[in-house]
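Computed over heavy atoms, backbone and side chain alike; hydrogens, waters and symmetry mates excluded.
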Amino acid sequence: MFTYLAFLQAEFPFIIYFAALMFGMIIGSFLNVVVYRLPIMLEREWKDQANDILGNESAAEQQTFNLILPGSKCPHCHHKIRPWENIPLVSYLFLRGKCSNCHEGISFRYPVVEVCTGLLTIMVIFTFGITPASLFLCLLTWSLIALALIDYDTQLLPDDITLPLLWLGLIVNYFSLITDFRDAFIGACMGYLVFWIVFQVFKLITGKEGMGYGDFKLLAMLGAWLGWQYLPLIIILSSFAGALVGGSLIALGRDKAHPIPFGPYLAISGWITVIWGEQILQSYLQFTAIGTS
């Protein structure tokens, strides 16, 4: 099957990239649901666990709320979104960005996430071709999008995403699809330990927690997928982006007491490393070789 799809990509690339765009946009629509609902699901779960531990009476039975049920509704008038109103990008353009019932505006982020997911999916397919490795890297890409947006909104990096993806990265690389298993195993260990050590040193010096444990797990996840060799690049890129964006936001008047999540920078840097990591490292090695010659 992969041979046939690779042939199609070589002979009729438009068909493959258009299909990747459409499928990626459908995934992007689902990611919008995950980003909104998963934090609420986790909060409900934590409250139930706390009530069990404290021996409190359970609250009245709540309506089923997961990634599928209940169906999507307008946040303003609670109009149930009909199937033809939920087509990625097309419905948003057809409805002119407004609810068909109350005509209140629909967040522009929904179509942006859909389109970006489609474009990033194309980029993965274009870079790696249609192979088992590229399909897994598409899954990694979609997961990084969800993690970045959830952390941006709630300052949470859910274990429900990071831990399964960490294990999946190790399983994928057990078969050496992306990198050697030994490099992946070391990458997972180092990814967690590097930030854990930084966290402990920072806390010892300042008495404050500089980052969350979710950041440790996200870097460990990226290490499991890409190998330990790319961890320095991910850390440098994310630190540079964090300093640049964070400094700009503070300069524009953002409250310094309000923490800026680091997860989105890690996710973006991880994806950049997936696509261009090897070229960046090769360019750096060539530059240093010229500088020392």
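Applying the 6.0 Å contact sphere to CD of E278 captures no more than 12 heavy atoms from other residues, nucleotides or ligands. No more than 12 heavy atoms of other residues, nucleotides or ligands sit less than 6.0 Å from atom CD1 of I68. Other residues, nucleotides and ligands contribute over 12 non-hydrogen atoms within 6.0 Å of the CZ atom of F181. F185 CZ: 12 or fewer foreign heavy atoms inside a 6.0 Å radius. Counted within 6.0 Å of OH on Y36, heavy atoms from surrounding residues, nucleotides or ligands total 12 or fewer; the atom is thus considered open. Around atom CZ of F128, more than 12 heavy atoms belonging to other residues, nucleotides or ligands sit under 6.0 Å away. Shown here is F94, whose CZ atom has no more than 12 heavy atoms of other residues, nucleotides or ligands within 6.0 Å.
When every heavy atom of D151 is checked against every heavy atom of P261, the shortest pair comes out as OD2-CB, 3.4 Å. Of all heavy-atom pairs between A224 and N173, the closest is O-ND2, 2.7 Å. Listed here is the closest heavy atom pair of T117 and G24: CG2-O, 3.1 Å. Pairing each heavy atom of W271 with each of M123, the nearest pair is CH2-CG, 3.7 Å. When every heavy atom of H79 is checked against every heavy atom of S100, the shortest pair comes out as NE2-OG, 3.4 Å. Nearest heavy atom pair, residue S91 against residue N86, reads OG-N, 3.3 Å.
Taking CG of L219 as the reference point, atom CG of L193 lies at 10.5 Å (rounded to 0.5 Å). Distance check, rounded to the nearest 0.5 Å: CG of L166 to NZ of K217 gives 10.5 Å. In this structure, OG in S134 is found 12.0 Å from CG in L140, a value given to the nearest 0.5 Å. In this structure, the separation between CZ on R109 and CG on L149 is 5.0 Å, given to the nearest 0.5 Å. Here the straight-line distance linking atom OH of Y110 with atom OH of Y92 works out to 10.5 Å at 0.5 Å rounding. Taking OH of Y265 as the reference point, atom OH of Y152 lies at 8.5 Å (rounded to 0.5 Å).
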Using the side-chain contact (heavy atoms from CB on, under 4.5 Å) rule, take L147 and M221 through it: C-alpha gap first, then chi angles, then the decisive distance, then the call.
CA-CA 12 Å; L147 287 168; M221 184 189 93; 4.1 Å; yes
Can T179 and L226 be said to form a side-chain contact (heavy atoms from CB on, under 4.5 Å), step by step?
CA-CA 6 Å; T179 190; L226 303 177; over 6 Å; no
Evaluate the side-chain contact (heavy atoms from CB on, under 4.5 Å) criterion for residues I272 and I280: first the C-alpha distance (whole Å), next the side-chain angles of each, then the deciding distance (0.1 Å), finally the verdict.
CA-CA 10 Å; I272 290 174; I280 294 173; 4.3 Å; yes
Start with the C-alpha distance between L144 and L218, add both sets of side-chain angles, then the distance that settles side-chain contact (heavy atoms from CB on, under 4.5 Å), and finish with yes or no.
CA-CA 9 Å; L144 289 174; L218 176 53; 4.0 Å; yes
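Side-chain polar atoms of T121 and W142 form a donor-acceptor pair below 3.5 angstrom.
Residues V124 and L120 fail the side-chain proximity criterion, which asks for heavy atoms closer than 4.5 Å. In this structure the side chain of L165 reaches within 4.5 angstrom of the side chain of W225, judged on heavy atoms. Using a 4.5 Å heavy-atom cutoff, the side chains of E43 and T154 are not in contact. Side-chain contact between T141 and I145: present, with at least one pair of heavy atoms (C-beta onward) separated by less than 4.5 Å. Using a 4.5 Å cut-off on side-chain heavy atoms (C-beta onward), I16 and I130 make contact. Under the 4.5 Å side-chain criterion, counting only non-hydrogen atoms from C-beta, V35 is not in contact with V113. Residues M25 and M22 meet the side-chain proximity criterion, which asks for heavy atoms closer than 4.5 Å. With contacts defined as side-chain heavy-atom distances shorter than 4.5 Å, the pair D153/P39 does not qualify.
No path of Ile, Leu, Val, Met, Phe, Trp and Tyr side chains, each step under 4.5 Å between heavy atoms, connects L163 with V34, placing them in separate hydrophobic clusters. Clustering ILVMFWY residues whenever any of their side-chain heavy atoms sit less than 4.5 angstrom apart, transitively, puts I236 in a cluster other than the one holding I197. By the criterion of side-chain heavy atoms lying less than 4.5 angstrom apart, applied directly or through intervening Ile, Leu, Val, Met, Phe, Trp or Tyr residues, L67 is grouped together with I27 in one hydrophobic cluster. A continuous path of hydrophobic side-chain contacts links I40 to I161 [ILVMFWY only; heavy atoms under 4.5 Å]. Both I15 and L135 are members of a single hydrophobic cluster when ILVMFWY side chains are connected at heavy-atom separations under 4.5 Å.
Relative ring orientation between F18 and F14 is described as parallel, the plane-to-plane angle staying below 30° on a 0-90° scale split at 30° and 60°.
Distance alone, capped at 3.5 Å, is enough to place a donor-acceptor pair between the S238 side chain and the I235 backbone.
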